[in-house]
Structures are given as C-alpha cells and as structure tokens.
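The block underneath contains the structure these notes are about, expressed in structure tokens.
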Amino acid sequence: MIVSKQYRCIHSASCLCTKGHLTEEVIFLLFQHLNWNPKHIATLSSVCKWFDDLAKRVLWKEFCKTRAPKMMLDLQTGGSHSVDGNWRALGKLLIYCSGCTKGGLFNSIHIPGHFVYRTRFSRTSGKSFLLPQCRTDVLYVSDPCEHLDQGEEGDVGFFRGVFKSFATSKVRKLLIKREAPLHPTEVCPYCKAKLWSMQQARLIPSSASCRLGAYEDCIEYYVCLNGHVLGICTLLPLSDSEEASELE
C-alpha cells in the first residue's frame, strides 16, 4: 500500500521542498490520525508535485475507502487495484455537487457547485438509470442534491455516480454503437474527461425519473470516458414524488 521511500522533491528545481521532507510512512500515519480529512489532503497536494503524487496514489484512496468502504470494495473487485479516472477524482465525486453554469452543460440555469457533508450512493438505485439490456452493468448513483425554488425551473436536483469497469460496460458499447457524439466543449468536473450525453443517445429509461422523484421529460445526465455520471432533474412536488415511487 505504501511505496518505496523518497525524502526529497525531485520534480522541480524551484520547489520549496529543498531540505527534504517526511517519509511516506509518517505522512500516512498523520493523515490516518486526521481521519483522511479531504481539506487537509487538498492542502498538502498544493505544496509540490511530490506531495500531489502521494495524495493521488495513497491519501485520496484511503479517504474513499473510509468514506464509502463497501462501494470501494465493490469497485475494486475483479483484480483491479485502481479506479477509472484516479482516486482524487472519485474522492471529489463523493463530496462535491458540481452544480451548473448558465450556458454550460445544462444550459438553462446557474447554481454554484458546493461540497456536501454526506451523500448516499446506491447500486440498487443505479439499476433504474440503465436500460434493461444494460442492467448487468454496475452503476452507483447518489440521491439528488436538492436546490429548491429556482424560479421557472422549479425544484432542481443534481445527482452523480460512477460505473464499475466502465471500459467494458454495455452502456459504453451502446454509446459507441449509436455513434453518440462527445460534448464539444464541456468536460467532467471530476476528472476533466470528455462527456457523452445519455439523453442524446436515448439511453435514459423512464425508471430513472421514478427513482429520482422527478418529471420524466426533465431529466438529463452525462457519463464521461472514465465512467463518472453527473445529471440534473426537475423534482416533483413531494406528494407527486411519493406516488411515483409507489408506481415504480
């Protein structure tokens, strides 16, 4: 888990770490004591490239395993010791709602991105976002992050998720088979990879709106080349969303 020792930053002649620094073992124990605090990990990453590399390889991985242990164990099964898009991207996905910019990915409204304290990701919910022929794929999806009373847009929900082994998934094969175009300008807010529109590829089942408690014609989501999912929906009033859940 901890790689060979390095005592000096060798990446940049102008780096401030000119007198050497703590070993990886000591840094690991320190952040373990801090319970893998993401704010401190991000601060360490900004010091120099050596620390940034350590955070990517070790610290963000431990953060993910602590924050969502069962989900991480599942994503790593099958012999893989890494995740698509790297651990830092997955760590950000766990705790950050990307929001949207007017004229950007979701076009119609501006809601700033923000960190969230806790989010539940569900593999069972993920099935509702897949067409029947793709439901052997594994997709974890979050509960929607609710932004209420957004003017004409009503109550808006943002959701995010991640595929297991997206490179070999049926969804990816369908996207390629249907020659779905990648978004010309926007990229994944978590890993900066190009994005496919699931709406343009006609890969959004009606069960997704039922699961979210949203209007069926007001749901849109994207998946990036690394399998990260981000989406938006207009939420039904509470009484209507309860009825939709009963129908599902």
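- Using a 4.5 Å cut-off on side-chain heavy atoms (C-beta onward), Lys92 and Arg88 make no contact.
- Taken together through direct or relayed side-chain contacts under 4.5 Å among Ile, Leu, Val, Met, Phe, Trp and Tyr, Ile27 and Trp87 form part of one hydrophobic cluster.
- Between the Arg135 side chain and the Leu130 main chain, a donor and an acceptor come within less than 3.5 Å of each other.
- To the nearest 0.5 Å, atom CG of residue Leu93 and atom OG of residue Ser142 are 7.5 Å apart.
- Taking OG of Ser122 as the reference point, atom CZ of Arg211 lies at 6.5 Å (rounded to 0.5 Å).
- Between Trp60 and Phe63, the angle of the ring planes goes over 60°, which puts this pair in the perpendicular group of the 30/60° scheme.
- From Glu25, atom CD reaches atom OG1 of Thr23 across 4.5 Å, with rounding to the nearest 0.5 Å.
- At least one side-chain heavy atom of Tyr222 sits less than 4.5 Å from a side-chain heavy atom of His183.
- Hydrophobic cluster membership is shared by Val229 and Leu174, with clusters built from Ile, Leu, Val, Met, Phe, Trp and Tyr side chains linked at under 4.5 angstrom.
- Inter-residue side-chain proximity for Phe28 and Glu62 is flagged as met; some heavy-atom pair is nearer than 4.5 Å.
- In this structure, a donor-acceptor pair under 3.5 Å is absent between the side chains of Lys127 and Ser207.
- In this structure, Leu30 and His40 have side chains that are not in contact, with every pair of non-hydrogen atoms separated by 4.5 Å or more.
- The environment of CD in Glu179 is sparse: at most 12 heavy-atom neighbours from other residues, nucleotides or ligands sit within 6.0 Å.
- A continuous path of Ile, Leu, Val, Met, Phe, Trp and Tyr side chains, each step under 4.5 Å between heavy atoms, connects Met198 with Ile176, placing both in one hydrophobic cluster.
- Using a 3.5 Å distance cut-off with no hydrogens or angles, the side chains of Asp74 and Tyr140 do pair a donor with an acceptor.
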(request) Determine, stepwise, if the pair Leu182 / Leu225 fulfils side chain to side chain contact (heavy atoms under 4.5 Å, CB included). (result) CA-CA 9 Å; Leu182 293 166; Leu225 296 174; 4.0 Å; yes

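- The heavy-atom pair separating Phe51 from Leu44 by the smallest distance is CB-O, 3.3 Å.
- Classified by interplanar angle (parallel below 30°, tilted 30° to 60°, perpendicular above 60°), the ring pair Phe129/Phe159 is tilted.
- Across every non-hydrogen atom of Ile95 and Pro38, the tightest pair is CD1-CB, 3.9 Å.
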(message) Test side chain to side chain contact (heavy atoms under 4.5 Å, CB included) on Leu90 and Tyr190; report intermediate values, then the result.
(response) CA-CA 7 Å; Leu90 185 55; Tyr190 304 108; over 6 Å; no

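- Considering all non-hydrogen atoms of both residues, Cys224 and Leu195 come closest at CB-CD2, 3.6 Å.
- Looking at Arg178 and Leu203, their side chains come closer than 4.5 Å, going by heavy atoms from C-beta outward.
- Proximity of Phe121 to Lys70: side-chain heavy atoms (C-beta onward) are nowhere separated by under 4.5 Å.
- Residues Lys194 and Pro184 share a closest heavy-atom pair of NZ-O, 3.6 Å.
- Trp196 places a side-chain N or O within donor-acceptor distance of the main-chain N or O of Ala180, the cut-off being under 3.5 Å.
- In this structure, a donor-acceptor pair under 3.5 Å is present between the side chains of Thr119 and Arg160.
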(request) In sequence, state the C-alpha distance, the side-chain angles, and the governing distance for Phe158 and His147, and then conclude on ring-ring contact (aromatic ring centres under 6.0 Å, His included). (result) CA-CA 8 Å; Phe158 292 101; His147 296 259; 5.3 Å; yes

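- Side-chain N or O atoms of Asn37 include one that pairs as donor or acceptor with a backbone N or O of Lys39 at under 3.5 Å.
- No donor-acceptor pair closer than 3.5 Å links the side chain of Ser165 to the backbone N or O of Thr168.
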(request) Evaluate the side chain to side chain contact (heavy atoms under 4.5 Å, CB included) criterion for residues Asp137 and Arg172: first the C-alpha distance (whole Å), next the side-chain angles of each, then the deciding distance (0.1 Å), finally the verdict. (result) CA-CA 10 Å; Asp137 289 349; Arg172 184 177 181 275; over 6 Å; no

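- Looking only at distances, no side-chain donor or acceptor of Lys170 sits under 3.5 Å from a matching main-chain atom of Leu131.
- Of all heavy-atom pairs spanning Glu186 and Leu105, the tightest one is CB-CD1, 3.5 Å.
- Residues Arg123 and Val138 meet the side-chain proximity criterion, which asks for heavy atoms closer than 4.5 Å.
- The shortest non-hydrogen separation linking Ile219 to Ala208 is CD1-CB, 3.7 Å.
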